[in-house]
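Let me begin by presenting the structure, written as structure tokens, before commenting on it.
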Amino acid sequence: MSTGRMHADEYETDEALVRRLVAGQFPQWAGLDVRPLGPVGTSNAMYRLGAEMVVRLPRVAGAAGDVAKEHAWLPRLAAALPVPVPLPLGEGLPGEGYPWAWSVYRWLGGVTPTDGLLDRPAAVAADLAAFTTALQGIDPAGGPASYRSETLAARDGYVRKAIAELAELGEVDGRGVTELWEAALRAPEHDGPPVWIHADLQPGNLLVADGRLSAVIDFGCAGLGDPAVDLLPAWYVLPRSARAEFRRAAGADEPRWERGRGWALSVALMELWYYRLTNARMAATARHVLEEVAQPC
């Protein structure tokens, strides 16, 4: 199974490299089976290590800085959250030609949900709302800024560029998408202090089991920001039938909801623009989201 190359400056990894890194730095785990995991992550390559662990290696320099942040904050956040999150078991160092820090985490069971297709959507909507509410309630003192801590207005230039290029390719209705974006920009900005947000609650970062949310993974974008960012799963994960319940349970008023729609729109546009030729799964999810944000809720 290929781990997939998506970035021009990506460091390519394989099972042999992981075995050497583990053997050299964590000899107690040397000899355990190593196999790549798919579908692939966009920022990190993932390898199953034995039955109980997973190795996570940043693909690009921009993701390498997340390692220290996750090792510092995930154990603190975990105690306050209603579902499991990755717990670091070891922080690896550069070696064997690999240039960055890397991680070993405890394995979390479950499957990633398919966009908008869930066995128990209302239950997952309630679980997601409980997770975001608990996360936002954690003391923000000393927390880092989220990678998505800017306002929607600060994203305007990049979003309009993506709209123009995708419209030229026939991927989007440029006029219609621009109208949706401008409506989101008119929503009042967040007027409270920043709170803890995951900032990337997409299908690939969620696990479900027995019809319920069983874990939330990949906190690389996490930090302090606008709570509207964590409304992303309304359009990325949930079907329309469960969207109103998620909004109610999350306590999202009209301005927050409209900002959340804008975040979903902008993230999907950027992902479709960036991954349309290199990651079919991400591109398909982005197209799904662009259809969903156009629907009234």
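This structure is a prediction, so every number in the text was calculated from the model and none was measured.
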Residue pair Ala242 / Ala125: nearest heavy atoms and the distance that separates them: O-CB, 3.8 Å
Shortest non-hydrogen contact from Ala123 toward Gly211: CB-O, 4.1 Å
Closest approach of Leu108 to Pro86 (non-hydrogen atoms, all atoms of both residues): CD1-N, 3.7 Å
Cluster check Trp102, Trp100: I/L/V/M/F/W/Y, side chain < 4.5 angstrom: yes
Beyond-backbone contact of Asp226 with Ile197, side-chain heavy atoms, under 4.5 angstrom: no
Salt-bridge contact Arg247-Glu254 (side-chain N to carboxylate O under 4.0 Å): yes
Residues Arg186, Glu182; criterion salt bridge (charged side-chain N to carboxylate O under 4.0 Å, His left out); working and verdict: CA-CA 6 Å; Arg186 290 193 292 271; Glu182 291 178 345; 5.0 Å; no
Co-membership, hydrophobic cluster, residues Leu185 and Leu232, 4.5 Å side-chain: yes
Check: Ala234 main-chain N/O paired with Arg243 side-chain donor or acceptor under 3.5 Å: yes
Parallel, tilted or perpendicular: rings of His198 and Phe219 (30°, 60°): perpendicular
Any side-chain heavy-atom pair of Pro227 and Arg256 under 4.5 Å: yes
Interatomic spacing from OG1 in Thr42 to CZ in Arg59 - rounded to 0.5 Å: 8.0 Å
Short side-chain to backbone donor-acceptor contact, Arg106 and Leu87, under 3.5 Å: no
Contact check, side chains of Asn44 and Pro58, non-hydrogen atoms, under 4.5 Å: yes
Cluster overlap Trp181 with Tyr274, hydrophobic side-chain contacts below 4.5 Å: yes
Full working for side chain to side chain contact (heavy atoms under 4.5 Å, CB included) between Trp263 and Leu152: CA-CA 7 Å; Trp263 273 100; Leu152 287 177; 3.6 Å; yes
4.5 Å side-chain heavy-atom contact, Tyr236 and Val267: yes
Lys/Arg N to Asp/Glu carboxylate O, Glu291 vs Arg287, below 4.0 Å: no
Residue list, side chain to side chain donor-acceptor pair (under 3.5 Å) with Tyr98, at least two apart or on another chain: none
Distance-minimising heavy-atom pair for Ala80 and Ala134: O-CB, 3.6 Å
Atom pair CZ/CD of Arg240 and Gln295 - distance to nearest 0.5 Å: 4.0 Å
Cluster link Val237 to Val85, ILVMFWY, side chain under 4.5 Å: yes
Side chains of Trp273 and Glu171 in contact at under 4.5 Å (non-hydrogen atoms): no
Phe131 side chain reached by Val216 side chain, heavy atoms, under 4.5 Å: yes
Candidate pair Tyr47 and Thr13, rule side chain to side chain donor-acceptor pair (under 3.5 Å), full reasoning: CA-CA 10 Å; Tyr47 294 83; Thr13 64; 2.7 Å; yes
Path from Trp73 to Val229 over hydrophobic side-chain contacts below 4.5 Å: yes
Any pair counted as side-chain hydrogen bond (donor to acceptor under 3.5 Å, both in side chains), so long as it reaches residues 205-221, sequence neighbours left out: Arg56-Asp218, Asp127-Arg212, Asp200-Asn205
Polar side-chain atom of Ser146 near backbone of Cys221 as donor-acceptor pair, under 3.5 Å: yes
Spatial distance of atom OG1 (Thr112) from atom CG (Leu206) [nearest 0.5 Å]: 9.0 Å
Closest approach of Ala252 to Leu231 (non-hydrogen atoms, all atoms of both residues): CB-CD1, 4.0 Å
Backbone of Tyr105 reached by a side-chain donor or acceptor of Ser103 within 3.5 Å: no
Within-4.5 Å side-chain heavy-atom neighbours: Leu213 and Leu128: yes
Straight-line distance of Glu10 CD to Ser43 OG, nearest 0.5 Å: 9.5 Å
Within 6.0 angstrom of Glu150 CD, more than 12 heavy atoms from elsewhere: yes
Stepwise side chain to side chain contact (heavy atoms under 4.5 Å, CB included) check, Leu201 with Thr132: CA-CA 10 Å; Leu201 293 174; Thr132 59; 3.7 Å; yes
Step-by-step side chain to side chain contact (heavy atoms under 4.5 Å, CB included) determination, Leu290 to Leu180: CA-CA 10 Å; Leu290 293 175; Leu180 288 172; over 6 Å; no
Side chain to side chain contact (heavy atoms under 4.5 Å, CB included) partner of Leu49, the single match among Val54, Leu89, Val104: Val104
Glu165 with Lys161: basic N within carboxylate O range, under 4.0 Å: yes
Student check: side-chain heavy atoms of Leu269 and Val177 closer than 4.5 Å: yes
Minimum heavy-atom distance between Ala222 and Lys69, given as atom pair plus value: O-NZ, 2.9 Å
Interatomic distance, Asp173 atom CG to Ile163 atom CD1 [nearest 0.5 angstrom]: 10.0 Å
Check: Arg35 side chain, Arg48 main-chain N or O, donor-acceptor pair, under 3.5 Å: no
Side chain to side chain contact (heavy atoms under 4.5 Å, CB included) evaluation trace for Leu169 with Arg276: CA-CA 11 Å; Leu169 292 167; Arg276 59 183 297 271; 3.7 Å; yes
Could you pull out every donor-acceptor pair under 3.5 Å between side chains of residues 17-34 and any protein atom, sequence neighbours left out?
from: Arg20; atom 1: NE; to: Glu96; atom 2: OE1; distance (Å): 3.2
from: Gln25; atom 1: OE1; to: Leu93; atom 2: N; distance (Å): 2.7
from: Gln25; atom 1: NE2; to: Leu93; atom 2: O; distance (Å): 2.8

